[in-house]
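Both ligands and their constituent atoms are indexed starting at 1 by order of listing.
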Amino acid sequence: MIIKFTINKQKISSNTVYFAFEKEMKFNSPDHDKILKQIISNKEFEAGAGEVFSYPLMDGKKLERLILVGLGEKENFTQHTLGKAIGNLVKSLEKKKITQIDLDWPEGAASKYKNREQIMAMLVKYFNLANYKFIAYQSKGKEASFIKEINFINLPASDKLKKVIAEMEVIGQAINYTRDLVNHPSNKITPQYFADEAADLAKKHKNLEVKILSQTEMIKQGMGGLLGVSAGSQHKPQFIILEYLNGKKGAKPKVFVGKTITFDSGGISLKPGDNMDEMKMDMAGGGSVLGAFKAICELGLKVNVIGLIPACENMPSGKAYKPGDILLAANHKTIEVLNTDAEGRIILADALSYAQKYKPEFVIDLATLTGACLVALGTLRAGLFGNNQALINQIDKAGIEIDELVWPMPLDNEYSDLIKSKIADVRNIATTRYGGAITGAAFLKEFVNYPWSHLDIAGVAWSDGSKSWLNHGSSGFGVNLILKLLK
Ligand code: BES
Ligand code: MG
Ligand code: ZN
């Protein structure tokens, strides 16, 4: 459930939350000035990043709480600090069964940014992220979300701020929709399920048109990659096309492509058993694209944007594609398969080739492509590759603004030497395992002829629970980033 946010001079609860920076603790609470001073001088609360201190005030029968939340040193403050603080706050509110709070507007944090709107957007985003729990398969006793209402105090209401709240609620809902898609297991989220979700979305919004290519059409389009990877599965592949043309007539569309492997067993090059269950998340790229389109439709953005979702499952069987096989991609390049576990790039080859039809302004693909990206960047930043510096800069900047961080990685032409095949145009794994995230990107580059970027989200799409505002499971990374790039 989404949290209700209001801006009001009147309090709605007896729980008031104050944010504070280390060393400069100022609180907007004349009534409790003395107590707050005592708390500070006793060092009960020092405003370290993510610190939460709750102080109950008993006045006869009435219980009132002052809840202090630390943002650390002002010089080091980033949106990430805010996320950490809000994550811990939400955990402590849940423990105390508090569902409604009044929140003193953190003007100090806002002053670090261009305008109040930016920090408001982040507040709403983090609260909705932190309030999400995946409990679909637990029979009893749990609630999916806890906080119901947050009221900002000491903040003049403006139409601009109200608009930000409304917009970020739509985006927050879309992010949590994506998280559901990614968290549900592969026996529910099949390629067909994905196609049905896309078709449902189109039924609700007249600006969105969804086409789903049948296997016969895939053959006609020459999508040997998607057909090859999916051959071992009982589930038919789906090539899902979302067309949302609500911008200037004739303006070149922006295209987003999402890797959608509903389960990646590795195929004949079978993965080891440990943590194989997590490969139900190998559709996070497509999940983010679908979630973003939900928000695009609901916000009625005035843009021309296309979503391409190649969806299938990577399984071993008597019909599966095998090491040594050669596949013909939609742009007529041949791919020598040397490891069936490097399947994402093969289905993306067809989708990136297909994107050429749209004469796009740019194409961005999101993919849980390589374990090597996790090795390189960990779980904090997505790997960013591309053939166009302006687009790379734009994505980098958007990521910082909304705290979905990326990191530019190299893609010199020389890397392409590592994926040359002796008998086909390209091989699907490089001749070395070093630089695996880069050689994955170099493979994709063979299939583009427009401004393009690739986001390897293998590390950021899934949270191990170490970020306080993201419970274990899907993070929804990418949804907000796509929307930011469209605005
Ligand atoms: N889906 C995986 C990559 C992945 C790994 C995503 C960990 C999320 C977390 C991808 O299909 C894969 O298996 N990649 C191989 C490529 C290798 C065979 C060149 C890998 O990373 O090991
Ligand atoms: Mg794989
Ligand atoms: Zn994969």
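- In summary, Glu343 places an N/O/S atom under 2.8 Å from the Mg ion (ligand 2), meeting the contact criterion.
- Within ligand 1, the atoms closer than 4.0 Å to a non-hydrogen atom of Ala458 are 6 (C), 8 (C), numbered from 1 in the order shown.
- In terms of protein heavy atoms, atom 2 (C) of ligand 1 is closest to Asp264 OD2, 3.6 Å.
- The side-chain heavy atoms of Val257 and Leu348, taken from C-beta on, include a pair separated by under 4.5 Å.
- At a heavy-atom cutoff of 4.0 Å, ligand 1 is contacted by both the backbone and the side chain of Asp341.
- At a heavy-atom distance under 4.0 Å, no atom of Met283 approaches ligand 1.
- Residue Asn339 approaches ligand 1 through these ligand atoms, each under 4.0 Å from one of its heavy atoms: 18 (C).
- In Arg433, neither the side chain nor the backbone holds a heavy atom less than 4.0 Å from any atom of ligand 1.
- There is a protein heavy atom less than 4.0 angstrom from atom 21 (O) of ligand 1.
- Of all protein heavy atoms, the one lying nearest to atom 7 (C) of ligand 1 is Met279 CE, 3.7 Å.
- Short contacts between ligand 1 and Lys259, defined as distances under 4.0 Å to a heavy atom of the residue, involve ligand atoms 1 (N), 10 (C), 11 (O).
- Between Tyr113 and Phe77, the ring planes lie perpendicular to each other; the angle is over 60°, past the 30° to 60° tilted range.
- Listed by number with element, the atoms of ligand 1 under 4.0 Å from a non-hydrogen atom of Ile429 are 19 (C).
- Taking the charged nitrogens against the carboxylate oxygens, Glu336 and Arg427 have no contact shorter than 4.0 Å, which rules out a salt bridge.
- For Lys84, the NZ atom sits in a loose shell: 12 or fewer heavy atoms of surrounding residues, nucleotides or ligands are nearer than 6.0 Å.
- A salt bridge links Lys125 and Glu404; the closest N-O separation between the charged side-chain nitrogens and carboxylate oxygens is under 4.0 Å.
- In summary, no N, O or S atom of Ala342 is located under 2.8 Å from the Zn ion (ligand 3).
- Here the two rings, on Phe134 and His472, have centers that are 6.0 Å apart or farther.
- Atoms of ligand 1 lying under 4.0 Å from any heavy atom of Lys271, numbered from 1 in the order shown and given with element: 12 (C), 13 (O).
- Close approach to Thr370 involves these atoms of ligand 1, each under 4.0 Å from a residue heavy atom: 3 (C), 21 (O).
- In this structure, Lys487 pairs ionically with Glu167, as a charged nitrogen and a carboxylate oxygen lie closer than 4.0 Å.
- Heavy atoms of Leu369 found under 4.0 angstrom from ligand 1 belong exclusively to the backbone.
- Aromatic pair Tyr450/Tyr358: ring centres not closer than 6.0 Å.
- Every atom of ligand 1 with a heavy atom of Glu343 under 4.0 Å away is listed here by number and element: 11 (O).
- Remark: ligand 1 and Gly371 share an N or O pair separated by less than 3.5 Å (distance only, no angle test).
- Residue-level proximity to ligand 1 for Glu278 is absent, since no heavy atom of it falls below 4.0 angstrom.
- Each of Asp365, Asp456, Asp282 was scored for a side chain to side chain donor-acceptor pair (under 3.5 Å) with Lys259, with one residue passing: Asp282.
- Among the backbone and side-chain atoms of Asp264, an N/O/S atom is found under 2.8 Å from the Zn ion (ligand 3).
- Among the heteroatoms counted here (N, O or S) of Glu343, OE2 is the one nearest to the Zn ion (ligand 3).
- If you check which protein heavy atom lies closest to atom 16 (C) of ligand 1, you get Arg345 NH2, 3.9 Å.
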